[in-house]
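Report on the structure given below.
All ligand and atom numbering here is 1-based and tracks the order in the structure. Quick note: residue numbers are just sequence positions, from 1.
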Amino acid sequence: MMSKAITIAEAQRYDAHTINEIGIPALVLMERAALATFNNLLNDDFDLSRVVVVAATGNNGGDGIAVARLLHIRGIDVEVYLLGDPAKATPQTTQQLKIANYYHIPFTTDLNHVVNATLIVDAIFGVGLSRDITGKFADAINAINAADAKTVAIDVPSGINADTGEVMGVAVVADSTTTMAYNKIGLLTITGKQHSGTVHVADIGIYAQDHLEHAR
Ligand SMILES: NC(=O)C1=CN([C@@H]2O[C@H](COP(=O)(O)OP(=O)(O)OC[C@H]3O[C@@H](n4cnc5c(N)ncnc54)[C@H](O)[C@@H]3O)[C@@H](O)[C@H]2O)[C@@H](O)CC1
Ligand SMILES: [K+]
């Protein structure tokens, strides 16, 4: 089951269909994505002494902020390093930021905290990556790759084009990647494999049309 790999356009189409036609709220899918990532992260037996989630303000970042909350509630020392303008966050990520605030999850602006983490969660970009990475985003990815910490990527290692596997300027080298619904074709290329590490495909309730036919 779920051995196929999909394109970015397919991922976006299946997501939109699940939300708009089937009616599963986007925030529910995000919570399932976060829970799947959290469970894989615990099962992979990483050193959880100091976890830093590096998140941007798209929905990939929202997944990461939700993972930070799940870790925090477990009593794990976790901080969020937020990239980008929170005022421009997606509706789901805005909600995740609000929930994180309720739980007093610490946010850091110090890249040294990323470098000194024991585990880094990469929630910068997923299938929404659309151009080469520069500036603060590139600095954060370079810090992640320079750290001794193990790195877990959400959906796609940030900087990898999920269609072609190409590095868009710079890309996270992850030890494992929890990718949502189906693998992405770019992760099956040599470069994609080198950056994603062990790939876990998570069933979060999003299926291709053909699967829907016999689910009805
Ligand atoms: N839509 C859905 O149904 C779901 C989405 N999920 C997550 O959401 C991700 C996709 O979310 P989004 O579509 O919000 O996209 P992303 O979060 O991947 O990133 C898109 C954002 O990054 C910006 N961006 C793109 N390239 C950039 C660059 N080089 N430098 C700076 N900014 C750049 C875009 O302008 C946009 O604001 C998935 O990969 C997955 O992790 C999950 O929460 C599950 C459900
Ligand atoms: K990512």
Hey, is there an N, O or S on [X] sitting under 3.4 Å from the K ion (ligand 2)?
| X | value |
| --- | --- |
| Asp155 | no |
| Ser158 | yes |
| Ala123 | no |
| Val172 | no |
| Ala153 | no |

- prompt: Got a salt bridge between Asp155 and Lys184, using NZ or NE/NH1/NH2 to carboxylate O under 4.0 Å?
  reply: yes

message: Less than 4.0 angstrom from a charged side-chain N to a carboxylate O is my criterion; do Glu31 and Arg69 meet it?
response: yes

Which of the atoms of ligand 1 are close to [X], meaning less than 4.0 Å from one of its heavy atoms?
| X | answer |
| --- | --- |
| Leu29 | 3 (O), 45 (C) |
| Ile19 | 3 (O) |
| Gly58 | 14 (O), 17 (O) |
| Val127 | 10 (C), 18 (O), 38 (C), 39 (O) |
| Ile133 | 29 (N) |
| Asp132 | 29 (N) |
| Met30 | 43 (O) |

Closest protein heavy atom to [atom], given as residue, atom name and distance to 0.1 Å:
| atom | result |
| --- | --- |
| atom 15 (O) of ligand 1 | Gly128 CA, 3.3 Å |
| atom 23 (C) of ligand 1 | Phe125 CE2, 4.0 Å |
| atom 38 (C) of ligand 1 | Asp155 OD2, 3.2 Å |
| atom 9 (C) of ligand 1 | Asn60 N, 3.6 Å |
| atom 35 (O) of ligand 1 | Arg131 NH1, 4.0 Å |

Over all atoms of both residues, closest heavy-atom pair of [X] and [Y]:
| X | Y | value |
| --- | --- | --- |
| Val127 | Ala11 | CG1-CB, 4.4 Å |
| Thr151 | Val173 | CB-O, 4.0 Å |
| Leu41 | Phe46 | O-CD1, 3.5 Å |
| Ala100 | Ile65 | CB-CG2, 3.8 Å |
| Ala56 | Leu82 | O-CD1, 4.2 Å |

Just by modelled atom types, is the [Y] backbone N or O under 3.5 Å from a matching donor or acceptor in the [X] side chain?
| X | Y | result |
| --- | --- | --- |
| Glu21 | Thr18 | no |
| His113 | Glu79 | no |
| Thr57 | Ala89 | no |
| Asn20 | Ile22 | no |

- prompt: How many angstroms lie between atom CD1 of Ile6 and atom CZ of Arg13, to the nearest 0.5 angstrom?
  reply: 9.0 Å

task: Report the distance from atom CG of Leu35 to atom CG of Leu70, rounding to the nearest 0.5 Å.
output: 5.5 Å

O (Val156) - the K ion (ligand 2) - O (Ile154) angle, nearest 10°: 70°

task: Check whether any protein heavy atom sits under 4.0 Å from atom 1 (N) of ligand 1.
output: yes

Given [options], identify the one with the heavy atom nearest to [atom].
| atom | options | answer |
| --- | --- | --- |
| atom 18 (O) of ligand 1 | Ala55, Ala89, Gly126 | Gly126 |
| atom 44 (C) of ligand 1 | Asp15, Asp85, Ile204 | Ile204 |
| atom 43 (O) of ligand 1 | Thr178, Thr179, Asp63 | Asp63 |
| atom 12 (P) of ligand 1 | Thr93, Thr90, Asn59, Val156 | Asn59 |

field: Polar atom proximity, Ala26 to ligand 1 (N or O, under 3.5 Å)
entry: no

- request: Say whether Ile154, considering both its backbone and side-chain N or O atoms, lies within less than 3.5 Å of an N or O atom on ligand 1.
  value: no

task: Taking atom CG of Asp148 as the centre, report whether more than 12 heavy atoms of other residues, nucleotides or ligands fall under 6.0 Å from it.
output: no

- line: Only one of Ile133, Val172, Ile160 passes side-chain contact (heavy atoms from CB on, under 4.5 Å) with Phe125, and that residue is Ile133

task: Apply the test side-chain hydrogen bond (donor to acceptor under 3.5 Å, both in side chains) to residues Asp163 and Asn161: give CA-CA distance (whole Å), side-chain angles for both, the deciding distance (0.1 Å), then the verdict.
output: CA-CA 5 Å; Asp163 276 342; Asn161 179 314; 5.8 Å; no

message: Looking at ligand 1, is there an atom of it that comes within less than 4.0 Å of some heavy atom belonging to Ser130?
response: yes

- request: Give a yes/no on ligand 1: does Met180 have at least one heavy atom closer than 4.0 angstrom to it?
  value: no

